[in-house]
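Small disclaimer: the values here were computed from a predicted structure and weren't measured. If you read the sequence from its start, that first residue is 1, and numbering goes on from there.
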Amino acid sequence: MPSRLYSGTGDHARWTLIDALAEQAGRFPGDTWIETVEGASLAFGAALEDAERIAGHLSALGVQAGDRVIVMLPNGVDLVRAWLGVGRLGAIAVLLNTELRGRFLEHQLENCGAALAIVDAAFLPVLADAAPQAPALARLLVVGGAMASGDDTARRGALACEPFDGWRRAASWQGPMPRPQDPFCILYTSGTSGPAKGVIMPHAHCMLYGIGTLKAFELKPDDRYYIVLPLFHVNGLLMQLGATLIAGIPAIVRARFSASGWLEDIRRHGATVTNLLGTLSGFVIAQPPTDADRRHGLRALLNAPNPPEHEAVFRERFGVRDVISGFGMTEVNIPVWGRLGHARPCASGWVHDEHFEVRIADPDTDEPRAPGELGEILVRPKVPFGFMAGYFRMPERTVEAWRNLWFHTGDAATMDASGLLTYVDRIKDCIRRRGENISATEVEVALSGLEGVVEIAACAVPAGGAGAEDEILLCVVAALGARLEPAAVAAHADAVLPRFARVRFIEIVTELPKTATGKVQRAQLRKRGASMAWDRDAQPGEGSSPRLPASGGT
């Protein structure tokens with residue numbers, strides 16, 4: 001089959017997804033690029049035409065190159081059109097998590113300083129509540145729904161509201177194309193240790209995510225990419241959708257992830273590659289096995305993280321030939337990728353050294369660690385603008401992250417003599433006990449089969465005076481109606497964890513503190529400490545507690 005690859009992948013001066021769209025639209029105007037599980041579709045040619053009209057519409061409303069435009073839309077063709085239209089104009093798309101509420105939303109609206117937002121009608125009430133904290137925001141372009149809700153938002157937030165579909169009657173924008181160094185997006189980090197930071201992402205940086213996927217998956221003209229992750233984050237938008245644009249292949253987009261619909265979607269749409277993230281793989285493999293589990297064309301899957309027990313299920317039960325992983329951040333792109341044909345469960349992969357340098361270093365001195373030693377992941381790019389351009393309106397945080405001309409990820413890992421990198425945890429989430437470095441994530445995964453438990457979080461708490469090592473605190477959310485006893489939880493932990501990872505403190509809680517993107521804020525748990533927790537060392541006859549059974553699901 002002839003190549004459909006964008007011809008500019010080897011030329012840094014042509015590293016913009018807008019240029020890639022223009023080329024693919026010229027070569028394959030009628031070929032479907034995006035098809036949604038819900039039934040909508042968008043061809044390459046139509047995607048370019050729509051982007052140019054949206055750019056023209058925004059220009060007529062006074063938006064100029066370099067201006068920020070908020071996009072708060074669910075997965076679908078309208079989000080893609082809006083994002084590309086903003087980029088075609090040379091403006092900056094501020095893609096907001098559609099789950100944001102309250103102070104999380106207020107901070108991002110105020111920080112980005114955008115005057116205009118393209119927003120789904122379903123999100124108007126939360127925007128109205130947050131708008132008073134964002135004085136620059138003045139106009140909303142509303143997608144779907146009745147304008148009555150927009151009128152209410154206007155009254156509550158002093159905002160001008162109008163339907164977004166005015167772009168369909170606009171003249172096409174034929175102004176200059178954006179350059180690789182121009183900012184394309186601002187995406188906000190989760191803010192686990194302070195307010196979320198807006199990452200300024202040049203066009204070249206956005207392009208490089210897709211190039212990495214293209215190389216790691218060895219995408220071919222007959223591949224079809226199934227996307228279930230949200231398009232307001234880099235994995236769904238740039239690693240996956242961006243890769244399909246560069247490769248000239250179809251993207252199958254689902255509005256929201258469904259574990260029960262995952263395999264059926266892949267089968268019905270003929271998908272050959274897909275990505276999973278975090279707990280989603282666990283939800284998929286927890287579905288009841290069927291005789292049709294191998295009846296699909298999926299050849300490769302990216303799973304991050306990639307526990308050995310999950311990889312085994314995808315290979316053996318589902319028959320997926322290649323399961324790979326990777327490591328990256330919104331700030332640093334994806335500098336580490338797995339390789340097809342090289343199964344390395346648990347490990348992230350090898351450095352994509354054509355475009356990045358990676359060092360494992362002492363987190364205090366930045367001196368390189370020896371092979372196999374735990375340290376912080378430091379990254380820097382080898383190509384111009386293939387990295388973030390800084391944190392928006394947070395110069396001090398940008399300088400802090402770039403100490404000694406390396407970007408400090410805050411993540412702990414090891415790298416062996418072959419260059420294989422294995423992510424361990426966030427530096428601050430590593431626990432030091434009995435001379436061993438313990439990953440809070442690994443503790444949580446080991447205990448994930450505990451019956452009657454909905455969620456569990458592990459963190460370090462001080463063991464004693466100055467110089468003392470850590471003890472482990474578990475915060476456990478019980479299932480509705482379940483009666484959990486800390487002593488029984490401790491006994492089960494003893495059965496599945498190594499001795500050096502012995503859990504001392506256990507607290508049964510109603511919920512875990514989380515960021516707007518659903519990440520557990522272990523920093524809050526550490527700060528709160530173990531004063532309210534059950535302490536096994538204070539119990540008489542410790543060690544004789546009954547054991548809880550593990551659940552049958554993975």
Side-chain angles (χ1 to χ4, degrees), residues 192-194 279 282 307 363-364 374 410 412 424-515 518-554:
T192 54
S193 57
T279 59
D364 296 318
L374 187 70
V424 175
D425 217 325
R426 294 291 293 170
I427 288 286
K428 292 180 179 178
D429 291 333
C430 282
I431 303 164
R432 181 76 175 175
R433 186 178 186 276
R434 300 297 188 268
E436 298 284 350
N437 292 301
I438 304 163
S439 162
T441 300
E442 287 185 322
V443 171
E444 292 162 3
V445 169
L447 296 171
S448 62
L450 194 56
E451 186 175 327
V453 170
V454 174
E455 288 185 291
I456 194 163
C459 68
V461 291
E469 290 190 322
D470 300 325
E471 293 284 6
I472 299 174
L473 165 67
L474 288 185
C475 293
V476 182
V477 180
L480 186 64
R483 297 184 62 183
L484 291 178
E485 293 295 334
V489 175
H492 178 71
D494 289 345
V496 297
L497 296 174
R499 289 182 62 187
F500 61 77
R502 172 182 178 270
V503 173
R504 175 175 170 182
F505 299 105
I506 296 171
E507 184 176 359
I508 310 300
V509 298
T510 56
E511 62 180 357
L512 298 174
K514 294 181 179 178
T515 68
K519 293 181 181 178
V520 174
Q521 293 180 304
R522 295 195 188 102
Q524 289 194 22
L525 299 178
R526 286 193 299 271
K527 183 177 180 181
R528 191 176 67 185
S531 60
M532 302 295 291
W534 175 89
D535 179 358
R536 81 149 85 200
D537 286 0
Q539 309 304 311
E542 188 275 320
S544 60
S545 307
R547 292 188 175 180
L548 287 176
S551 66
T554 303

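- Using a 4.5 Å cut-off on side-chain heavy atoms (C-beta onward), Val453 and His492 make no contact.
- For the pair Gln539 and Trp534, the minimum side-chain heavy-atom distance is below 4.5 Å.
- Checked against salt bridge (charged side-chain N to carboxylate O under 4.0 Å, His left out), Arg504 has the following partners two or more places apart in sequence or in another chain: Glu471, Asp535, Asp537.
- Between the CZ atom in Arg483 and the CD1 atom in Ile508 there is a gap of 12.0 Å [rounded to 0.5 Å].
- Under a 3.5 Å cut-off, the side chain of Asp425 and the backbone N or O of Ala440 do form a donor-acceptor pair.
- In terms of heavy atoms, Arg526 sits closest to Ala460 at CG-O, 3.4 Å.
- The CZ atom of Arg426 sits 10.0 Å away from the CZ atom of Arg522 when rounded to the nearest 0.5 Å.
- For Ala501, the side chain to side chain contact (heavy atoms under 4.5 Å, CB included) partners two or more places apart in sequence, or in a different chain, are Ile438, Ile472, Leu497, Pro498.
- Here the side chains of Leu474 and Val443 are in contact, with some heavy-atom distance below 4.5 Å.
- When side chains are defined from C-beta on, Arg528 does not count as touching Leu473, because their heavy atoms never get closer than 4.5 Å.
- To the nearest 0.5 Å, the span separating CG on Leu450 from CG on Leu484 amounts to 6.5 Å.
- Shown here for Cys475 and Leu525, the closest heavy-atom pair between the two residues is SG-CD2, 3.9 Å.
- Taking every heavy atom of both residues into account, Val454 and Ala479 meet most closely at CG2-CA, 3.3 Å.
- The two residues Val503 and Ala493 have their closest heavy-atom pair at CG2-CB, 4.1 Å.
- Taking both residues in full, the closest heavy atoms of Pro513 and Gln524 are given as CB-OE1, 3.3 Å, listed atom of the first, atom of the second, then distance.
- Taken from CD1 in Ile506 to CD1 in Ile456, the straight-line distance is 8.0 Å, to the nearest 0.5 Å.
- Listed here is the closest heavy atom pair of Ala458 and Glu444: N-OE2, 2.8 Å.
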